[in-house]
Protein chains: 2
Amino acid sequence: MVKYKNKYLDDVFSALSDPTRRSMLQRLKLGPAKVTELAEPFAMSLPAVSKHIRILEKSNLLQRTRKGREHWCQINPKTMDEALKWLQDHCALWNSLLDSLENHLDNQKDKNKGE
Amino acid sequence: MVKYKNKYLDDVFSALSDPTRRSMLQRLKLGPAKVTELAEPFAMSLPAVSKHIRILEKSNLLQRTRKGREHWCQINPKTMDEALKWLQDHCALWNSLLDSLENHLDNQKDKNKGE
DNA sequence: TTTATATTTAACCATCTGGTTAAATATTAT
DNA sequence: ATAATATTTAACCAGATGGTTAAATATAAA
């Protein structure tokens with residue numbers, strides 16, 4: 001049984017549950033960006049974008065570097081690593097679960113055939 | 001570039017962002033359970049549990065079958081399959097991102113050595 | 001038919017979320 | 001010094017979230 005310190009997962013999944021933030025992360029995969037660049041694709045005010053960035057930052061998915069008046073954002077590799085590990089384990093768990101469910105369903109099917 | 005119908009991801013990640021619900025899913029990996037069984041480990045009222053189950057149901061991670069007055073819950077294999085596919089892709093994307101970030105950081109390190 | 005069990009619905013509450021506009025702060029350019 | 005740019009903070013709002021208790025519903029058991 002795999003056990004995790006879970007408070008951080010709350011924040012990560014919560015951060016990922018918003019399409020604007022997922023989209024921002026997608027953008028950041030292409031490389032660092034400053035706040036206005038991150039804001040550009042969205043029809044929302046800068047303060048709203050600022051809040052999304054803060055949430056990503058709090059979840060540790062995003063890292064901010066101040067360079068003068070510009071704030072440069074990039075994906076945080078350390079947390080990415082941790083999140084990645086969790087996701088991989090979780091994928092594995094779900095994978096094996098799915099297998100057993102498929103077996104179960106196949107068995108059911110066979111049973112129904114026999115009736 | 002991988003593109004997803006994302007509304008359903010909102011619900012899945014949102015459902016996963018709560019520790020009670022993650023815990024319920026963990027429980028359901030062991031097999032189907034009725035509402036009271038799912039409720040048992042938690043110091044919260046049945047209506048609260050009922051709401052969590054509804055959220056999991058709405059996210060399609062959980063499937064409910066009424067059998068008389070008992071409601072049996074189990075993980076929904078169809079959605080699990082879809083979620084799994086997404087997670088695997090996402091893992092892959094993050095994996096390769098992580099590699100490139102590591103390379104980037106290594107290059108930075110080398111550069112700093114040279115200065 | 002009455003009672004007990006399993007679960008939901010309704011009404012409520014405090015807090016969080018995601019947005020807004022207006023004002024503040026910090027830095028850079030003129 | 002003044003003006004422009006980049007970004008945040010403050011105050012506010014509507015709606016969602018996660019919990020509560022009390023009442024309703026549906027089924028099973030006595």
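These numbers were taken from a predicted model, which means no experiment stands behind them. Values reported hereafter were calculated over all heavy atoms of this structure, with side chains retained and with hydrogens, waters and symmetry mates removed.
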Taking for H52(A) and for K67(A) the nucleotide of DNA chain C with the nearest heavy atom, the one nearer the 5' end belongs to H52(A)

5'-most contact on DNA chain C: G68(A) or I55(A), nearest heavy atom basis?
->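 Whichever sits nearer the 5' end wins; that is I55(A).
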
Stepwise side-chain contact (heavy atoms from CB on, under 4.5 Å) test for T65(B) and H71(B) = CA-CA 6 Å; T65(B) 314; H71(B) 295 206; over 6 Å; no

Output the rounded distance in Å from [atom1] ([X]) to [atom2] ([N]).
{"X": "R54(B)", "N": "dT17(D)", "atom1": "CZ", "atom2": "P", "result": "12 Å"}
{"X": "F13(A)", "N": "dT17(D)", "atom1": "CZ", "atom2": "P", "result": "17 Å"}
{"X": "R69(A)", "N": "dA4(D)", "atom1": "CZ", "atom2": "P", "result": "12 Å"}
{"X": "H71(B)", "N": "dA28(D)", "atom1": "NE2", "atom2": "P", "result": "11 Å"}
{"X": "M24(B)", "N": "dG18(D)", "atom1": "CE", "atom2": "P", "result": "11 Å"}
{"X": "L56(B)", "N": "dG18(D)", "atom1": "CG", "atom2": "P", "result": "10 Å"}
{"X": "E37(A)", "N": "dT5(D)", "atom1": "CD", "atom2": "P", "result": "16 Å"}

Pick base, sugar-phosphate or nothing for T36(B), based on heavy-atom distances below 4.0 Å to the nucleic acid.
-> sugar-phosphate

R21(B) near the nucleic acid: base, sugar-phosphate alone, or nothing, with a heavy-atom cut-off under 4.0 Å?
->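 Counting heavy atoms under 4.0 Å across all strands, the contact made by R21(B) is with sugar-phosphate only.
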
Is M24(A) close to V49(A) at the side-chain level, that is, under 4.5 Å between some pair of heavy atoms?
->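 Yes, close enough: below the 4.5 Å cut-off.
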
Less than 4.5 Å apart, any side-chain heavy atom of H52(B) and any of F42(B)?
->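 In short, these two side chains do not touch, never coming nearer than 4.5 Å.
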
Which pair of heavy atoms, one from V12(B) and one from S59(B), lies closest together, and at what distance?
->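 Between these two residues, the closest heavy atoms are CG2-O, 3.8 Å.
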
Could you pull out the closest heavy-atom pair between A33(A) and E37(A), with the gap in Å?
->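 In terms of heavy atoms, the two residues are closest at CA-OE1, 3.2 Å.
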
Between CZ on residue R22(B) and CG on residue L9(A), distance to nearest 0.5 Å |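 Rounded to the nearest 0.5 Å, the CZ-CG separation comes to 5.0 Å.
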
E70(B)-W72(B) side chain donor-acceptor pair, cut-off 3.5 Å | yes

Outermost contacting nts on DNA chain C, any atom under 4.0 Å from chain A heavy atoms, listed 5' then 3', are dG18(C) to dT28(C)

